[in-house]
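Here is the structure we will look at, set down as structure tokens.
Bear in mind the structure is a predicted one, so any value in this text is a computation, not a measurement. In listed order, ligands and their atoms are each counted from 1.
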Amino acid sequence: MIRLSLALVACLATPAIADEYDAIKAQAGERLFDKECHRCHSVEADRASYGPLLNGVLNRAAGTFADYPYSDALRGAGFVWTSGALKAWMEDNDGFLPGTKMRHVGIDDPTVQDFIVTYLASLTE
Ligand code: HEC
């Protein structure tokens with residue numbers, strides 16, 4: 001009976017812990033985003049800055065933020081921004097999509113990639 005209750009508690013607690021863990025990762029991701037991306041990308045306003053708006057980019061089709069003057073490469077890319085695509089982009093954007101006009105950022109630390117994606121995901125929830 002005790003074992004059953006413990007199992008029940010573990011089941012109930014797990015989503016809460018996962019949420020808290022994601023919230024912590026998102027906080028760290030926000031600071032990394034401010035350092036690595038914010039000078040070119042807005043997330044606050046419904047507009048682009050030098051780069052396209054990134055609020056809502058997760059699961060958005062690439063190159064489709066309204067009125068942004070994308071490169072031909074990104075406008076015609078025809079894929080959706082999954083977390084995997086965002087990580088590959090951060091690591092080597094011009095290798096991932098030759099012809100993009102985004103300057104190479106080269107973030108190859110998987111933890112940093114993960115934190116930034118978690119932050120971007122938290123903006124769309
Ligand atoms: C020096 C300025 C600059 C920096 C720094 C920068 N970007 Fe960009 N980003 C751009 C530009 C310009 C584009 C548009 C590229 C094109 O049209 O080919 C872009 C495009 C993108 C896109 C495609 C969005 C869409 O609507 O399809 C994503 C995703 C993105 N950047 C993520 C990031 C992330 C994450 C970081 C930080 C790790 C970052 N960028 C850092 C300038 C920058």
Side-chain angles (χ1 to χ4, degrees):
M1 189 60 186
I2 289 178
R3 185 168 298 159
L4 185 65
S5 329
L6 283 177
L8 191 62
V9 168
C11 285
L12 293 174
T14 307
I17 290 170
D19 284 354
E20 199 171 319
Y21 184 51
D22 272 359
I24 292 166
K25 288 203 302 182
Q27 263 176 23
E30 180 172 11
R31 293 170 70 164
L32 292 162
F33 181 88
D34 283 350
K35 183 165 164 263
E36 305 285 357
C37 324
H38 203 191
R39 66 182 177 278
C40 298
H41 287 284
S42 172
V43 286
E44 296 87 6
D46 191 20
R47 62 175 172 79
S49 51
Y50 174 62
L53 181 83
L54 291 186
N55 187 344
V57 75
L58 190 68
N59 299 323
R60 188 169 81 198
T64 58
F65 182 69
D67 299 331
Y68 181 79
Y70 287 101
S71 63
D72 290 345
L74 198 49
R75 188 179 303 107
F79 68 89
V80 166
W81 285 115
T82 59
S83 64
L86 286 168
K87 289 175 187 175
W89 175 259
M90 277 185 246
E91 183 151 347
D92 180 19
N93 53 288
D94 31 12
F96 181 84
L97 188 71
T100 177
K101 63 179 182 174
M102 178 169 136
R103 209 194 63 196
H104 184 83
V105 284
I107 295 174
D108 54 7
D109 182 333
T111 307
V112 175
Q113 294 172 0
D114 186 38
F115 285 4
I116 292 177
V117 169
T118 307
Y119 169 60
L120 290 173
S122 76
L123 299 174
T124 48
E125 279 164 4

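- Contact atoms of ligand 1 toward Leu86: 29 (C) (distance under 4.0 Å to a heavy atom of the residue).
- For Ala62, the closest heavy-atom approach to ligand 1 falls below 4.0 Å.
- When only non-hydrogen protein atoms are considered, atom 15 (C) of ligand 1 lies nearest to Thr100 OG1, 3.4 Å.
- Atoms of ligand 1 lying under 4.0 Å from at least one heavy atom of Arg39, given by number and element, are 5 (C).
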Exercise for review: May I have the step-by-step check of side chain to side chain contact (heavy atoms under 4.5 Å, CB included) for Phe33 and Leu120, ending in yes or no?
Suggested key: CA-CA 9 Å; Phe33 181 88; Leu120 290 173; 4.0 Å; yes

Exercise for review: Starting from the C-alpha separation in whole Å, work towards a yes-or-no answer on side chain to side chain contact (heavy atoms under 4.5 Å, CB included) for Glu36 and Val105.
Suggested key: CA-CA 8 Å; Glu36 305 285 357; Val105 284; 5.6 Å; no

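- Looking at ligand 1, you'll find an N or O of Gly63 within less than 3.5 Å of one of its N or O atoms.
- Glu44 CD: more than 12 foreign heavy atoms inside a 6.0 Å radius.
- Using a cutoff of 4.0 Å between basic side-chain nitrogens and carboxylate oxygens, Arg75 and Asp72 are scored as salt-bridged.
- Side chain of Gln113 to main chain of Ile107: a donor-acceptor pair is present (N/O by atom type, distance under 3.5 Å, no hydrogens or angles).
- A donor-acceptor pair under 3.5 Å is formed between the side chain of Tyr68 and the backbone N or O of Tyr50.
- Protein heavy atom nearest atom 12 (C) of ligand 1, with residue, atom name and distance: Tyr68 OH, 3.4 Å.
- Arg75 does not count as a contact of ligand 1, since none of its heavy atoms falls under 4.0 Å from the ligand.
- Between the Ser42 side chain and the Ser49 main chain, no donor and acceptor come within less than 3.5 Å of each other.
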Exercise for review: Tell me, with the steps shown, if Val117 and Met90 meet side chain to side chain contact (heavy atoms under 4.5 Å, CB included).
Suggested key: CA-CA 10 Å; Val117 169; Met90 277 185 246; 3.6 Å; yes

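- Atoms of ligand 1 lying under 4.0 Å from at least one heavy atom of Ser71, given by number and element, are 16 (C), 17 (O), 18 (O).
- The two atoms that bring Ala121 and Leu58 nearest to each other are CB-CD2, 3.6 Å, heavy atoms only.
- Residue Ile107 has at least one heavy-atom neighbour below 4.0 Å for each of these atoms of ligand 1: 38 (C).
- For a threshold of 3.5 Å applied to N or O pairs, the pair formed by Thr64 and ligand 1 contains no separation below that value.
- Residue Lys35 places its NZ atom among 12 or fewer non-hydrogen atoms of other residues, nucleotides or ligands, all under 6.0 Å distant.
- At a 4.0 Å cut-off, not a single heavy atom of Phe33 sits close enough to ligand 1 to count as contact.
- Given atom 26 (O) of ligand 1, the protein heavy atom at minimum distance is Tyr70 OH, 2.5 Å.
- The option with the heavy atom closest to atom 25 (C) of ligand 1, from among Phe79, Tyr119, Trp81, is Trp81.
- Around atom 8 (Fe) of ligand 1, the protein atoms of type N, O or S found under 2.8 Å away are His41 NE2, Met102 SD, listed by chain and number.
- Among protein heavy atoms, the minimum distance from atom 5 (C) of ligand 1 is reached at Glu36 O, 3.4 Å.
- Classification of the Trp81-Trp89 ring pair by plane angle, with boundaries at 30° and 60°, yields perpendicular.
- The backbone N or O of Pro52 lies less than 3.5 Å from a partner atom in the side chain of His41, making a donor-acceptor pair.
- Between Tyr50 and ligand 1, no pair of N/O atoms sits closer than 3.5 Å.
- Sparse packing is recorded around CG of Asp67, with 12 or fewer heavy atoms of other residues, nucleotides or ligands lying under 6.0 Å away.
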